[in-house]
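Right, one structure below, let's go through it.
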Amino acid sequence: MKVNSWNGWDPLTHVIVGRADGTMVQAPEPAVVRDWPEHGFPAGTYGRLPDDMVAAANEQLDAFADLLRRRGIRVDRPEAIDFSRPVSTPDWEQGSMFGCMPPRDVLITVGNEILEATMCYRSRWFEYLCYRPLLGSYFREDPGMRWEAAPKPRLTDASYRAGFWEEYERLDFDEQIARVRENNLVLTEAEPLFDAADIARFGKDLFVQLSMVTNRSGVEWLRRHFPGHRVHAVTFGNTHPVHIDATWVPLRPGLVLHCGEREAEEELVQYFKVNDWEIVSAAPPARSWDDMPKLCFCSPWLSMNVLSLDQNTVCVEASEVAQMELLDSLGFEVVPVPFWDVAPFGGGLHCSTVDIHREGGLEDYFPKRHGRF
Ligand code: ARG
């Protein structure tokens, strides 16, 4: 057993896959807006996702875990805790927790280190507990593993912009994108905040999306924490940015998958081009916003939330035919995995996993500098 992973494409040999058990529509809090009156959860209400949805999601998660195991990959699973419990710190009280489906949001492996993210939702403050049994066992089994946790945030009201959602939802698209570009969103800069899933690993370069769940001081904390890396803050033309892995997805050295409707900054595009990287636009998703699963807070672009098993092999949601064909034409072996029942629990194939071990070492795939990069 060894912790080691530097990028999103080297051969995967050990991974965590999340669980749907006990997932909640979380109790209201400043950073989260949920409003599903037609499915029993109008704004302000909260509770467990229905049992039939949990069972369907767990069936797909278990099948995905089995598929990975059949390919020789070690798969570990988190331990759900009672997410319906109210939680508190000296600074706040929160009516419920959330779940442990998207491990990608909470943990990131960089080399021999596993880092627990700060998170920025009060409902997700304690989520690291679901992974502590695994992290403790890795720490015991692998003498080289570095176990780190970013400073637990206070998450007082000072960490959130008061009245943000009412104000923001009244803006038009261009005004919202202007706010996204300057990261003038729900989080203030009161303290470093980031979700692990806003980080995309490309060897020596870590691209961190400024988003609804990651602020500038979060990126600054990561920059000081990983002095051997180039840590870049990036934004995309997405009005509700949460997690980079349905927007800018590394596939193999020289190839990144981009959600074309979420425009990348020109400087980022040029940085990839001068370093001979190809930027491929993801295929149109199979689903429209209107036929998303109920209680889903993700977008149809989960279609591009793929998991690479190695440089030539990629797991894609089984109904995303156009995405599978695109990857096939780029020379990948595509492994179809039915997964849309998992979406309401927080994401797709990439979100639902955390790499613990991939073969290979730290490499510099961007030898040339460009602009601020
Ligand atoms: N917010 C993204 C979208 O809807 C989904 C990304 C989810 N990723 C994750 N790691 N949970 O486009």
Side-chain angles (χ1 to χ4, degrees), residues 8 15-20 23 26 31-34 57 60-61 64 78 98-109 115-121 123-124 127 130-131 176-177 180 185-187 194-201 207-214 218 234-250 257-264 281-308 315-317 320 323 339-355:
V15 72
I16 299 176
V17 172
R19 287 185 192 279
T23 301
Q26 67 260 66
V32 182
V33 179
R34 302 281 182 252
Q60 292 192 335
L61 284 159
F64 182 37
F98 165 62
C100 62
M101 200 315 275
R104 186 74 62 176
D105 303 2
V106 184
L107 301 176
I108 183 163
T109 303
L115 173 65
E116 300 173 7
T118 66
M119 312 308 285
C120 73
Y121 292 175
S123 57
R124 303 191 74 178
E127 209 166 304
C130 305
Y131 302 97
Q176 289 185 337
I177 296 301
V180 169
L185 300 172
V186 65
L187 301 180
F194 68 93
D195 273 16
D198 266 325
I199 307 168
R201 300 167 307 151
F207 299 90
V208 189
Q209 176 180 243
L210 295 169
S211 71
M212 295 290 182
V213 294
T214 297
V234 294
T235 62
F236 296 89
N238 173 4
T239 57
H240 291 73
V242 177
H243 305 146
I244 198 170
D245 56 356
T247 300
W248 193 256
V249 176
L257 189 65
H258 176 214
C259 174
E261 93 178 14
R262 299 169 174 174
E263 208 182 315
S281 257
R287 286 177 183 256
S288 68
W289 282 98
D290 293 333
D291 52 19
M292 289 294 280
K294 68 177 182 179
L295 305 178
C296 184
F297 51 86
C298 295
S299 78
W301 290 106
L302 288 182
S303 60
M304 61 177 289
N305 189 254
V306 300
L307 180 73
S308 293
C315 297
V316 185
E317 206 290 326
E320 299 293 340
Q323 191 54 61
F339 219 62
W340 267 109
D341 290 337
V342 179
F345 297 81
L349 294 161
H350 193 262
C351 316
S352 69
T353 52
V354 184
D355 315 352

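Every heavy atom of this structure was used, including side-chain atoms; hydrogens, water molecules and symmetry mates were not. If you read the sequence from its start, that first residue is 1, and numbering goes on from there. Note that the coordinates shown come from a computational prediction; the quantities given were computed from them, not determined experimentally. Both counts, for ligands and for their atoms, begin at 1 and track the order of listing.
For atom 6 (C) of ligand 1, the candidate residues are Val213, Asp195, Asp198, Asp245; the nearest heavy-atom contact is made by Asp245. In the candidate list Cys296, Gly347, Cys259, Gly346, Gly346 is nearest to atom 11 (N) of ligand 1, counting heavy atoms.
A donor-acceptor pair under 3.5 Å is formed between the side chain of Thr118 and the backbone N or O of Phe194. Between the side chain of Thr23 and the backbone N or O of Ala20, at least one donor-acceptor pair lies under 3.5 Å. Although no hydrogens or angles enter the test, the distance criterion places no donor-acceptor pair under 3.5 Å between the side chain of Asp355 and the main chain of Val15. A donor-acceptor distance shorter than 3.5 angstrom exists from the side chain of Asn305 to the backbone of Leu349, with no hydrogens or angles considered.
Counting atoms of ligand 1 from 1 in the listed order, those under 4.0 Å from a heavy atom of Ala246 are 12 (O). Atom numbering of ligand 1 starts at 1 in the shown order; those under 4.0 Å from a heavy atom of Ala197 are 10 (N). Taking every non-hydrogen atom of Val242 and a distance limit under 4.0 Å, the qualifying atoms of ligand 1 come out as 1 (N), 2 (C), 6 (C).
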Can you check side-chain contact (heavy atoms from CB on, under 4.5 Å) on Glu261 and Trp301, steps first, answer last? CA-CA 10 Å; Glu261 93 178 14; Trp301 290 106; 3.1 Å; yes
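Note: Phe339 and Phe64 meet the aromatic proximity criterion, with ring centroids under 6.0 Å apart.
For atom 10 (N) of ligand 1, the closest heavy atom belonging to the protein is Asp105 OD1, 2.8 Å. The protein atom (non-hydrogen) at minimum distance from atom 7 (C) of ligand 1 is Cys351 SG, 3.3 Å. The protein heavy atom nearest to atom 4 (O) of ligand 1 is Ser299 N, 2.7 Å. Ranking the protein heavy atoms by distance from atom 5 (C) of ligand 1 puts Leu302 CD2, 3.9 Å first.
At a heavy-atom distance under 4.0 Å, atoms from both the backbone and the side chain of Cys298 approach ligand 1. Contacts between Asn238 and ligand 1, counted as non-hydrogen atom pairs separated by less than 4.0 Å, are absent for every part of the residue. Contacts of Arg262 with ligand 1, taken as heavy-atom pairs under 4.0 Å, involve the side chain alone. Neither the backbone nor the side chain of Thr247 comes within contact range of ligand 1; no heavy atom lies under 4.0 Å.
Of the options Thr247, Val208, Ile244, a side chain to side chain contact (heavy atoms under 4.5 Å, CB included) to Val234 is made by Ile244 and by none of the others.
Ring pair Trp248/Phe236 is tilted by interplanar angle, where 30° to 60° counts as tilted.
In terms of heavy-atom proximity, Pro293 sits nearest to Arg287 at CD-NH1, 3.9 Å.
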